[in-house]
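Here is the naming used below: chain letters follow the sequence lines, and residue numbers restart at 1 for every chain.
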Amino acid sequence: MANPIILQGYLMFEREQEQITNEIRSILAQHPYPKAKIEWNPIPFAGKWGISTSFFQLAAQWAREQRAAGHTPLPVPQLAAQIASRVRELLSLPSGFQRVEAVNGYLNLYFDPLEFTRRVVDTVLEQGERFGWGEPTGKRILVEFSQPNTHKAFHVGHLRNVVLGDALCNILEAAGNEVIRANYINDTGLHVIKWLWNYQKYHAGEEPGEDKTRWMGDLYAEANRRLEENPELESEVRQLYARWDQRDPEILALWEKSRQWSLEGFEQIYAILGVRFDHIFYDHELEKPGQELVEELVRKGIAIDERPRGPVIVRIDELLGLEKETYRVLVILRSDGTSLYSTKDLVLALKKFELFNPDLSVYVVDVRQSLYLQQIYKTLALMGHPDWAERCYHFSYEVVNLPGNVTIASREGTVVLLEDLIREARQRALEVVREKNPHLSAQEMEEVARVVALGAIKYPMLARDATKIVTFDWNAALDFNGQAAPYIQYAHVRANSILRKMETPLPPSVLPTYELHPTEIQLIDWISRLPGEVQKAAQEMRPLYLTNLAYELARAFNDFYAECPVLKADENMRAARLRLVAAAKQALANLLRMLGIVPPEVM
RNA sequence: GCCCCCGUAGCUCAAUGGACAGAGCAUCUGACUUCGGAUCAGAAGGUUGUGAGUUCGAAUCUCGCCGGGGGCGCCA
């Protein structure tokens, strides 16, 4: 490892940590202990404040060596305690720290709270919106997410993908990477043909109203219903598919028109959600290149052409020489020559590298496609691009179910449409803001309701691990109290409220001269962890770390708010606390923005 | 048959292999003539599904079992 010193939590104090680490090393080197790596953690006690390391690993190693040499060492915990107190005796107190203690095998270094406070607050206020952002890594990361189907509805299951993908992009960017936000819109396929069939036969000449996506989805559901009730109509759909394949001008024109309706609907949705893309790939552009690629793979002997009796396949395990079934067989072209998802995904995988040459190509796709994506990556390697295949990464997440473990399915009508959810949430938020803040203008109320509702909707998608199934439930989605986005937004609003009433410019940097209140210490502690948590969230691709921090930060601020007067405090305390409030507001705002949630000024 | 994920308080979920397993919701009790009560304080709630193993130390890592969900040749 290039950097054996693991610094966590307090990135702002890297230099001091490194200095102390070196000093501990040289102290240990004076004893016959084996080499050990020194890891730092925040002291886990509430109201206590500093960094901590333990000597258990070193003690265990030492004990093993002693035993091997025929000695009987002390029990490990006692040894660790012994080492800790020896280090504690020899360690000089570094500047910025108040005291060092050795307890239970741990070495705890407590920050000088006043000095630390000034340093954290000054850093946040100097860096402003950039607080939490990392140094450029020089890496380019392409993230494909959302991937909607035209001619279909947009429901809460799709929402998790968009919300996660968007937050992931923000986080990777904040960590110092160049991020390319890519969408892949599926505008061809059997679902489109079904829609066209239904439209032509029963809705010819109709146009969508305000809510385009809903209308498109309704017609799609209707098509499925009609076909289920009268299966003999399937032949008409097959005929239509044939006309599409032959690029019949009439069908092509209808496809173009209806596709456009869906695209416009998607734009509306992305605008509401506040999500943007740098590049959009379309299914129809990949169809032909995909078919050509398949032919090439057959020629090269990578794919096996079983037509006309069977499809074109890639026997991945066989090609890799794997005995145990692992990647199995990937079908890359239908026996009638029409394309599949895989036909296009192989081309798309190549195209991404040809166009952008990313260091990492991320696919935000739900967990059910894990095997499929591994097959795509392996095939990419077999096609002669093992280097690219290694740079592909499946960001997998679990699905959104309805209560009772009911799967959301657009065909069975068990959907909660995104439009409905947003409308309901806005309505509910509007009622609350009318009650809580009646002096706002109607326009302000609408705006507040909008950002609060969206925050509330997005939060549950981000606040649980991606491997956990989200159960959508109306009551929980519309509950704005407790562990939810509005709670965090409210802390931001309260901070803003104090700053608004300040009436003077924000005081310059100040060293507090009073004893800090425990809630102040806790608040500063969480603020100081932001840069480190951003790095961690990016490295492990877990937005959850930031929702956790945002919630803790908000909670700490609300505690502080209840315990510590700011505006009415005496001079030094007032100045220091005003700056702390400003720093807390900034940290909350930065976190919320990374999560794709708007921090409101009032609510 | 093979593979993947989940199991922590009544419910929804947290917890880099570390110090007493923490929040919210729900339930009960309280908050000063002070910056916004979408808030705060307190009570109650646990053999981390189960049995072994690794380790100084396991909710976390390994294996078995139980329960739930998902994926495995022409769906996307």
If you measure from the [atom1] atom in [N] to the same atom in [M], how many Å do you get, rounded?
N      : M      : atom1 : result
B/rG70 : B/rG17 : P     : 30 Å
B/rG51 : B/rC13 : P     : 25 Å
B/rA43 : B/rG24 : P     : 12 Å
B/rA9  : B/rU62 : C1'   : 28 Å
B/rG22 : B/rC65 : P     : 33 Å
B/rC25 : B/rU16 : C1'   : 29 Å
B/rA58 : B/rU50 : C1'   : 15 Å
B/rU60 : B/rA15 : C1'   : 9 Å

Tell me whether the OP1 or OP2 atom of [N] has a side-chain N or O from [X] closer than 4.0 Å.
X        : N      : result
A/Lys436 : B/rA38 : yes
A/Tyr372 : B/rC74 : no
A/Lys468 : B/rG7  : yes
A/Arg334 : B/rA76 : yes
A/Arg64  : B/rC56 : yes
A/Arg574 : B/rC35 : no
A/Ser497 : B/rG36 : yes

Separation of [X] atom [atom1] from [N] atom [atom2], in whole Å?
X        : N      : atom1 : atom2 : answer
A/Gln522 : B/rG22 : CD    : P     : 14 Å
A/Phe560 : B/rC35 : CZ    : P     : 14 Å
A/Tyr551 : B/rA14 : OH    : C1'   : 10 Å
A/Arg464 : B/rC6  : CZ    : P     : 15 Å
A/Asn475 : B/rC13 : CG    : C1'   : 17 Å
A/Asp317 : B/rG1  : CG    : C1'   : 15 Å
A/Phe480 : B/rG24 : CZ    : C1'   : 16 Å
A/Gln57  : B/rA19 : CD    : P     : 14 Å

Taking atom types as they are modelled, is there a donor-acceptor pair under 3.5 Å from the base of [N] to the side chain of [X]?
X        : N      : answer
A/Arg315 : B/rG73 : yes
A/Asn558 : B/rU39 : no
A/Arg328 : B/rC3  : no
A/Thr467 : B/rC6  : no
A/Asn108 : B/rA19 : yes

**Prompt:** Can you list the residues that meet the side chain to side chain contact (heavy atoms under 4.5 Å, CB included) rule with A/Arg99, with sequence neighbours excluded?
**Reply:**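 Scan of A/Arg99 (side chain to side chain contact (heavy atoms under 4.5 Å, CB included), adjacent residues dropped) gives A/Glu101, A/Tyr110.
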
**Asked** Of all residues at least two apart in sequence or in a different chain, which pass the side chain to side chain contact (heavy atoms under 4.5 Å, CB included) check with A/Asp187?
**Response**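 So A/Asp187 forms a side chain to side chain contact (heavy atoms under 4.5 Å, CB included) with A/Thr150, A/Trp255, A/Arg259, A/Tyr282, A/Asp283, A/His284.
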
The side chain of [X] is closest to which nucleotide in this list: [options]?
X        : options                : result
A/Leu567 : B/rA14, B/rC35, B/rU34 : B/rC35
A/Pro486 : B/rA23, B/rA38, B/rG37 : B/rA38
A/Asn481 : B/rG36, B/rA19, B/rA38 : B/rA38
A/Ser54  : B/rG37, B/rG18, B/rC35 : B/rG18
A/Asp559 : B/rA38, B/rC40, B/rC20 : B/rC40
A/Val493 : B/rA38, B/rG36, B/rC75 : B/rG36
A/Asn149 : B/rC56, B/rA76, B/rA15 : B/rA76
A/Lys501 : B/rA23, B/rC35, B/rC74 : B/rC35
A/Glu39  : B/rA15, B/rC35, B/rU16 : B/rU16
A/Tyr561 : B/rC56, B/rC75, B/rC35 : B/rC35

**Message:** So that I can compare with my own list, what are the stems of RNA chain B, taken as at least three consecutive Watson-Crick or G-U pairs with distances under 3.5 Å?
**Reply:**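 So far as stems of 3 or more pairs are concerned, RNA chain B shows B:1-7 with B:66-72, B:10-13 with B:22-25, B:27-31 with B:39-43, B:49-53 with B:61-65.
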
**Message:** Quick check, does A/Tyr106 stack with B/rA19? I mean ring centres under 5.5 Å and planes off by under 30°.
**Reply:**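 Aromatic stack with B/rA19 present for A/Tyr106.
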
Could you tell me whether [X] and [Y] make a salt bridge, using a distance below 4.0 angstrom between a side-chain N and a carboxylate O?
X        : Y        : value
A/Glu601 : A/Lys585 : yes
A/Glu325 : A/Arg328 : yes
A/Asp525 : A/Arg529 : yes
A/Lys37  : A/Glu39  : yes

**Of A/Tyr341 and A/Ala484, the one whose closest RNA chain B nucleotide lies more 5'** =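 With A/Tyr341 and A/Ala484 compared, the 5'-side residue is A/Ala484.
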
**Asked** Between A/Ser342 and A/Glu552, which has a closest nucleotide on RNA chain B that is more 5'?
**Response**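 Comparing both residues, the 5'-ward one is A/Glu552.
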
**Message:** Does A/Lys378, at its NZ atom, have more than 12 non-hydrogen atoms belonging to other residues, nucleotides or ligands within less than 6.0 Å?
**Reply:**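 Atom NZ in A/Lys378 is not crowded, with 12 or fewer foreign heavy atoms closer than 6.0 Å.
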
Which part of the nucleic acid does [X] contact within heavy-atom distance under 4.0 Å: base, sugar-phosphate only, or nothing?
X        : answer
A/Leu79  : nothing
A/Val399 : nothing
A/Ala60  : base
A/Asn437 : base

**Request:** Taking syn as within 90° of 0 and anti otherwise, name the glycosidic form of B/rG73.
**Result:**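 With its glycosidic angle within 90° of zero, B/rG73 counts as syn.
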
**Polar contact flag, side-chain donor to acceptor under 3.5 angstrom, A/Tyr220-A/Asn149** =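 The criterion, which ignores hydrogens and geometry beyond distance, is not satisfied for A/Asn149 and A/Tyr220.
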
**Request:** Would you kindly say whether A/Thr471 and A/Asn401 are connected by a side-chain donor-acceptor distance under 3.5 Å?
**Result:**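 No.
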
**Request:** Apply the side chain to side chain donor-acceptor pair (under 3.5 Å) test between A/Arg542 and each candidate in A/Asn548, A/Asp465, A/Thr547; give the one that qualifies.
**Result:**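 Filter result, single survivor: A/Asp465.
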
**Prompt:** Is the distance between the ring centroids of A/Tyr393 and A/Tyr363 under 6.0 Å?
**Reply:**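 Ring centres of A/Tyr363 and A/Tyr393 not closer than 6.0 Å.
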
**Message:** Centre-to-centre under 6.0 Å for A/Phe55 and A/Tyr33, is that the case here?
**Reply:**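 No, the ring of A/Phe55 stays outside the 6.0 Å limit from the ring of A/Tyr33, centre to centre.
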
